[in-house]
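Report on one structure; see the data block that follows.
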Amino acid sequence: MPVEEFVAGWISGALGLVLGHPFDTVKVRLQTQTTYRGIVDCMVKIYRHESLLGFFKGMSFPIASIAVVNSVLFGVYSNTLLLLTATSHQERRAQPPSYMHIFLAGCTGGFLQAYCLAPFDLIKVRLQNQTEPVAQPGSTPPQYQGPVHCAASIFREEGYRGLFRGAWALMLRDTPTMGIYFITYEGLCHQYTPEGQNPSSATVLVAGGFAGIASWVAATPLDVIKSRMQMDGLRRRVYQGVLDCMVSSVRQEGLGVFFRGVTINSARAFPVNAVTFLSYEYLLRWWG
Ligand SMILES: CN(C)C(=N)NCCC[C@H](N)C(=O)O
C-alpha cells in the first residue's frame, strides 16, 4: 500500500488548516450562536472582546489531529482508486479513472475520515464556542481550559459516547460531499490540462479552490446540524437526534437555517483547498 499519499495528505492538510482556522471560528459562532448580526459583526466582536487570539481558539487540537484525519482522507481515497482501477497516482494522468470510481473513492475516504475526525471536531467546536477572553486575570475562567481538559471533562460528564456526539451528522455530511470534492477537483484538472500531462500550478490552485467551495456548499446544511448536535448536551439535552435537530431548527428559524455560514464556509474553502491540493500534488510529484 503506497504510504506517500498518507504523508502528503497530512502535510497539505496542516497548511490548509492554519490558513482557514480564523474563518472556521467565525463560521462555528454564526452557526451555533444568535448574538451576531453577520460575518463582519462577528469578526469585530471576536476581535474587540477576545483579541486576535480569539480567532485561533481550538486550533492546537486540529493541528495535531490533521495528521490522522487528512492522511486517512487522501490515503484511503488514493488507495481505493488503486483497488478500483489498478492505477497508481502517477499513472492516473495517462489513464484517468472514471468519475464513478472517483466519486466512490472520495465517499469511502470521507466516510472513514469522519470517524477519526468526530472527537477532534467536537472538541474544536466546544472550544471555539467559548466567548470568554483568553486568560484574563480576575475574570471568570472559561468552562474548558484547553483541548485535553475539554476532552477529559466531556469523557467524565458525558462518557465515551459523549466524545462522539454529532458523529452521525458528521458522517452524513462527509461521505457524499467528499465524493463531490474529488470529482470537482479531478474534473476541473482534466478539463484544463492537455492529455497525459500534469495539471499546471494555476490549474491545481483553481481546481482545488472550487472543489472546496462545491463540497462545502453541499455540506453546509448538515454542517449546521452537526455543530448544533455537538453543542447539545453542554447544559441540557435539547435534541433527540439528527432528524429532531433538523425539524426543530427549521421550525424555529426557517429553511434559511441550513445555509447559515455558507458564505464564510465558501470564503474559507477556496484558499484552504487551493493550498491543500497544490502542496499534495507537489509533494507526490517530488517523491514520485
Ligand atoms: C465537509 N467537507 C465538505 C469537506 N470537508 N470538504 C473537503 C475539504 C477538506 C478541507 N480540509 C477543508 O477543511 O476545507
In a table with atom names and distances, give each donor-acceptor pair under 3.5 Å that connects a side chain of residues 184-192 to protein atoms at least two apart or in another chain.
{"residue": "T184", "atom": "OG1", "partner": "I180", "partner atom": "O", "Å": "2.6"}
{"residue": "Y185", "atom": "OH", "partner": "E281", "partner atom": "OE2", "Å": "2.7"}
{"residue": "E186", "atom": "OE1", "partner": "R93", "partner atom": "NH1", "Å": "3.4"}

From [X] atom [atom1] to [Y] atom [atom2], the distance as rounded to the nearest 0.5 Å:
| X | Y | atom1 | atom2 | value |
| --- | --- | --- | --- | --- |
| L112 | M171 | CG | CE | 8.0 Å |
| T175 | L222 | OG1 | CG | 10.0 Å |
| F111 | L170 | CZ | CG | 11.0 Å |
| F277 | F74 | CZ | CZ | 4.5 Å |
| H101 | L81 | NE2 | CG | 8.5 Å |
| C245 | Q230 | SG | CD | 10.5 Å |

Looking at [X] and [Y], does any basic side-chain N land under 4.0 Å from a carboxylate oxygen?
| X | Y | value |
| --- | --- | --- |
| R165 | E157 | no |
| K226 | D121 | yes |
| D41 | K45 | yes |

[X] vs [Y] side-chain heavy atoms within contact, under 4.5 Å:
| X | Y | answer |
| --- | --- | --- |
| N129 | V125 | yes |
| D24 | F56 | no |
| M231 | R126 | yes |
| Y239 | S249 | yes |
| V257 | Q252 | no |
| L84 | L104 | yes |
| I39 | T263 | yes |
| C42 | I46 | yes |

How close do [X] and [Y] get, heavy atom to heavy atom, and via which atoms?
| X | Y | value |
| --- | --- | --- |
| D244 | V238 | OD2-O, 4.0 Å |
| A8 | Y280 | CB-CD1, 3.6 Å |
| A269 | I213 | CB-N, 3.7 Å |
| C116 | V72 | SG-CG2, 4.1 Å |
| L73 | G109 | CD1-C, 3.7 Å |
| N70 | G13 | ND2-CA, 3.2 Å |

Transitively linked via ILVMFWY side-chain contacts under 4.5 Å: [X] with [Y]?
| X | Y | answer |
| --- | --- | --- |
| M229 | V250 | yes |
| Y36 | V26 | yes |
| L30 | Y47 | yes |
| F55 | V40 | no |
| V44 | I264 | no |

- side chain to side chain contact (heavy atoms under 4.5 Å, CB included) between T276 and L15: does it pass, once the steps are laid out? CA-CA 7 Å; T276 301; L15 289 173; over 6 Å; no
- Message: Checking Y77 against F182 for the ring pair (Phe, Tyr, Trp, His ring centres under 6.0 Å) test, could you report, in this order, the C-alpha distance in whole Å, the side-chain angles of both residues, the deciding distance, and whether it holds?
- Response: CA-CA 9 Å; Y77 167 72; F182 284 105; 3.7 Å; yes
- Query: Can you list the steps and then say if R48 with M43 is a side chain to side chain contact (heavy atoms under 4.5 Å, CB included)?
  - Reply: CA-CA 9 Å; R48 279 214 191 115; M43 287 167 104; over 6 Å; no
- Item | Test: R285 cationic atom under 6.0 Å from Y282 six-membered ring centre, within 45° of axis | yes
Please check if any side-chain donor atom of [X] sits under 3.5 Å from a side-chain acceptor atom of [Y], or the reverse.
| X | Y | answer |
| --- | --- | --- |
| S78 | R92 | yes |
| S227 | Q31 | yes |
| Y181 | N273 | yes |

For [X], enumerate each residue passing the side-chain hydrogen bond (donor to acceptor under 3.5 Å, both in side chains) test, keeping only those at least two apart in sequence or located in another chain.
| X | value |
| --- | --- |
| S200 | T203 |
| S153 | none |
| T80 | none |

- Message: So for atom CZ, which belongs to F258, do other residues, nucleotides or ligands contribute more than 12 heavy atoms lying within a distance under 6.0 Å?
- Response: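 More than 12 heavy atoms, drawn from other residues, nucleotides or ligands, come within 6.0 Å of this atom.
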- Kindly check if the number of other-residue, nucleotide or ligand heavy atoms within 6.0 Å of OH (Y99) is above 12?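 Counting neighbours around OH of Y99, more than 12 heavy atoms of other residues, nucleotides or ligands fall under 6.0 Å, so yes.
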Would a distance-only check, ignoring hydrogens and angles, find a side-chain to backbone donor-acceptor pair under 3.5 Å from [X] to [Y]?
| X | Y | result |
| --- | --- | --- |
| E91 | S88 | yes |
| D223 | A219 | no |
| K57 | T25 | no |

- Task: Name all pairs fulfilling the side chain to side chain donor-acceptor pair (under 3.5 Å) condition that reach into residues 210-221, sequence neighbours left out, sorted by first residue then second.
- Result: T220-N265
- side chain to side chain donor-acceptor pair (under 3.5 Å) contacts touching residues 106-120 (sequence neighbours left out): Q113-D174
- Under 6.0 Å between ring centres, would you say that holds for F270 and F210? yes
- Task: Output, in order, the C-alpha distance, side-chain angles, deciding distance and verdict of side chain to side chain contact (heavy atoms under 4.5 Å, CB included) for S266 and V217.
- Result: CA-CA 7 Å; S266 308; V217 168; 3.8 Å; yes
- Task: For Q128 and M59, run side chain to side chain contact (heavy atoms under 4.5 Å, CB included): C-alpha distance rounded to whole Å, both residues' side-chain angles, the deciding distance at 0.1 Å, then the answer.
- Result: CA-CA 9 Å; Q128 283 174 318; M59 195 180 74; over 6 Å; no
- For the pair Y144 and H149, name the ring-plane relationship: parallel under 30°, tilted 30 to 60°, perpendicular over 60°. perpendicular
